[in-house]
2 protein chains.
Amino acid sequence: MVKRVNLRDDECPVARALDVIGDWWSLLIIRDALDGVRRFNEFQTGLGIAKGMLATRLRDLTERGILESAPASDGSAYREYVLTEKGRGLFLVIVALRQWGEDHLFGPNQPMSSLVETKTGAPVARLGLLAQNGQRLEWTDTKVTKAED
Amino acid sequence: MVKRVNLRDDECPVARALDVIGDWWSLLIIRDALDGVRRFNEFQTGLGIAKGMLATRLRDLTERGILESAPASDGSAYREYVLTEKGRGLFLVIVALRQWGEDHLFGPNQPMSSLVETKTGAPVARLGLLAQNGQRLEWTDTKVTKAED
DNA sequence: ACTTTCTAGTTCTATTTTAGAACCATATTG
DNA sequence: CAATATGGTTCTAAAATAGAACTAGAAAGT
């Protein structure tokens, strides 16, 4: 007993998602991977994470199909960690976290990094939830329905 | 030392966000709060979380301005936990996690709960990132720029 | 060729967090 | 006013985390 709780078989997709990437470091690793980080050392020094932690995180994320190991792009004998399609799918999760952080976690004169369109350098638009007909939805306009398979 | 790493002053909004809600339970509590859960017991039995964990999580989330304590809506002497504006701002983070989970974490015949428009019962649209001009952006079209104060 | 340094880890220990059970005070119900 | 529900706190064992020390193979310098 006292095993860490397991949400892998929960019927809620949010719970399953958190089971996979719901810890301190995983999303930061994925954030950096989306920014082009690929090598062990690059992750380690960039994040300031302990090497042991990083090693187990990279292994777990690889096992879960978020990252995959590839030969180094510079021709050396080392390997690299690159996002899979599944891993790249987390882009919008990172963007949502980023926009929330920008809105609520910075003081007036605190510098923050920001997400821009590569081509123009212009900041991206805010995320918004739409109905199928294109109308904007607030959280009060939605509800979760139980599975009824 | 060996204190849990602190990202509160990182210049990246993603890091700061994870500092606040980047653990197993917080986002699940917020998910349930968005679904209308308000009482200690309701959270506890719904999540299957240990009472001690829940108590510290509710306290931390309250201290960080995500939840606030309010008199019970049924007139009893108990208190309730309700989301603040800041807490409700996490709605899109939950939606992004949900859509990713739906896409990548379910087998063909596994039932899942889903997010629908309350009025019509129709499923919501997929989130997408847009440029200021309304054009759709993929992750390859964006980059993060360092703060330059 | 051989020594040095870099890379990518593994192992070890101390501290912290988590899970769960047991306990407890106050509020509500019968 | 006794029983039960609510909302916790406290305790212990197990697991996760942080950081330092160590290691093996690759690359670079001389």
Side-chain angles (χ1 to χ4, degrees), chain A residues 1-10 15 18-29 32-33 36-64 67-82, chain B residues 1-10 15 18-29 32-33 36-64 67-82:
Chain A
M1 66 174 69
V2 196
K3 252 311 193 68
R4 189 149 166 172
V5 170
N6 176 335
L7 269 12
R8 222 161 307 166
D9 301 319
D10 202 287
L18 290 172
D19 192 273
V20 179
I21 46 85
D23 73 280
W24 261 70
W25 292 113
S26 294
L27 280 172
L28 289 173
I29 290 168
D32 281 2
V37 171
R38 296 160 155 260
R39 294 282 281 265
F40 188 94
N41 237 320
E42 229 184 331
F43 284 111
Q44 204 242 313
T45 61
L47 289 169
I49 185 178
K51 295 166 90 177
M53 287 269 75
L54 180 59
T56 69
R57 280 296 171 290
L58 291 174
R59 175 157 36 70
D60 290 355
L61 289 171
T62 302
E63 274 170 12
R64 287 151 182 250
L67 294 174
E68 62 192 351
S69 176
S73 48
D74 63 358
S76 74
Y78 298 114
R79 311 223 93 224
E80 297 185 335
Y81 298 93
V82 299
Chain B
M1 67 175 74
V2 195
K3 252 309 191 70
R4 192 156 166 163
V5 169
N6 175 337
L7 269 11
R8 221 162 308 165
D9 301 319
D10 202 287
L18 290 171
D19 192 272
V20 179
I21 46 84
D23 74 279
W24 260 72
W25 292 113
S26 294
L27 281 172
L28 289 172
I29 290 169
D32 281 5
V37 171
R38 296 160 154 261
R39 295 283 281 263
F40 188 94
N41 237 320
E42 228 182 330
F43 284 110
Q44 205 243 311
T45 60
L47 290 170
I49 185 178
K51 295 166 89 177
M53 285 270 75
L54 179 59
T56 69
R57 280 295 171 287
L58 291 173
R59 177 159 32 75
D60 290 354
L61 289 171
T62 303
E63 274 170 13
R64 288 151 183 251
L67 294 174
E68 62 191 350
S69 175
S73 48
D74 62 358
S76 74
Y78 298 115
R79 311 223 94 223
E80 297 183 335
Y81 298 92
V82 298

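Sequence lines set the chain letters: A, B, ... in the order given, protein chains first and strands last, and positions in each chain run from 1.
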query = Rounded to whole angstrom units, what separation is found between the CG atom of D60(B) and the P atom of dT17(C)?
reply = 10 Å
task = Identify the heavy atoms of W24(B) and L18(A) that sit nearest to each other, and give their distance.
result = O-CD1, 4.3 Å
note = Smallest heavy-atom separation, D9(A) atom then N6(A) atom, equals N-OD1, 4.3 Å
5' precedence on DNA chain D between R59(B) and T56(A) (nearest-nucleotide basis) = R59(B)
key: Selection: residues 37-51 of chain A, any non-hydrogen atom under 4.0 Å of DNA chain D   = A50(A)
task = Kindly determine whether D74(B) and R39(B) satisfy side-chain contact (heavy atoms from CB on, under 4.5 Å), including the steps that lead there.
result = CA-CA 11 Å; D74(B) 62 358; R39(B) 295 283 281 263; 3.5 Å; yes
query = Under 4.0 Å between a side-chain N or O of W24(A) and OP1 or OP2 of dA16(D)?
reply = no
message = Expressed as a whole number of angstroms, how long is the span from L54(A):CG to dG19(D):P?
response = 14 Å
ask   = Counting just side-chain N and O atoms, does Y81(A) come under 4.0 Å of either OP1 or OP2 of dT7(C)?
value = no
task = Could you check whether R57(A) gets within reach of a base, just the sugar-phosphate, or nothing at all, counting any heavy atom under 4.0 Å?
result = sugar-phosphate
task = In whole angstrom, give the distance that lies between atom CG of L18(A) and atom P of dT18(C).
result = 14 Å
key: Atom pair distance, as rounded to whole Å: CD in E80(A) and P in dT7(C)   = 13 Å
ask   = Any idea which heavy atoms bring I21(B) and L27(B) closest together, and the distance?
value = O-CG, 3.8 Å
query = Which atoms form the tightest heavy-atom contact between R64(A) and D19(A), and what is the distance?
reply = NH1-O, 3.1 Å
task = Starting at atom CG of L58(B), determine the distance to atom C1' of dT6(D), rounded to an integer number of angstrom.
result = 14 Å
task = Select from M53(A) and Y78(B) the residue whose nearest nucleotide in DNA chain D is closer to the 5' end of that strand.
result = Y78(B)
query = Just checking S76(A): base, sugar-phosphate only, or nothing, at a heavy-atom cut-off of under 4.0 Å?
reply = sugar-phosphate
query = CH2 of W25(A) versus C1' of dT17(D): gap in Å, rounded?
reply = 10 Å
inquiry  = Could you tell me how far apart D74(B) (CG) and dA5(D) (P) are, to the nearest whole angstrom?
reply    = 16 Å
request  = Give a yes or no on whether the backbone of D23(B) and the side-chain of S26(B) come within a donor-acceptor separation of less than 3.5 Å.
outcome  = no
request  = State whether a side-chain donor-acceptor pair under 3.5 Å links E80(A) with S73(A).
outcome  = yes
task = Provide, to the nearest angstrom, the distance between the CG atom belonging to D23(B) and the P atom belonging to dT17(C).
result = 11 Å
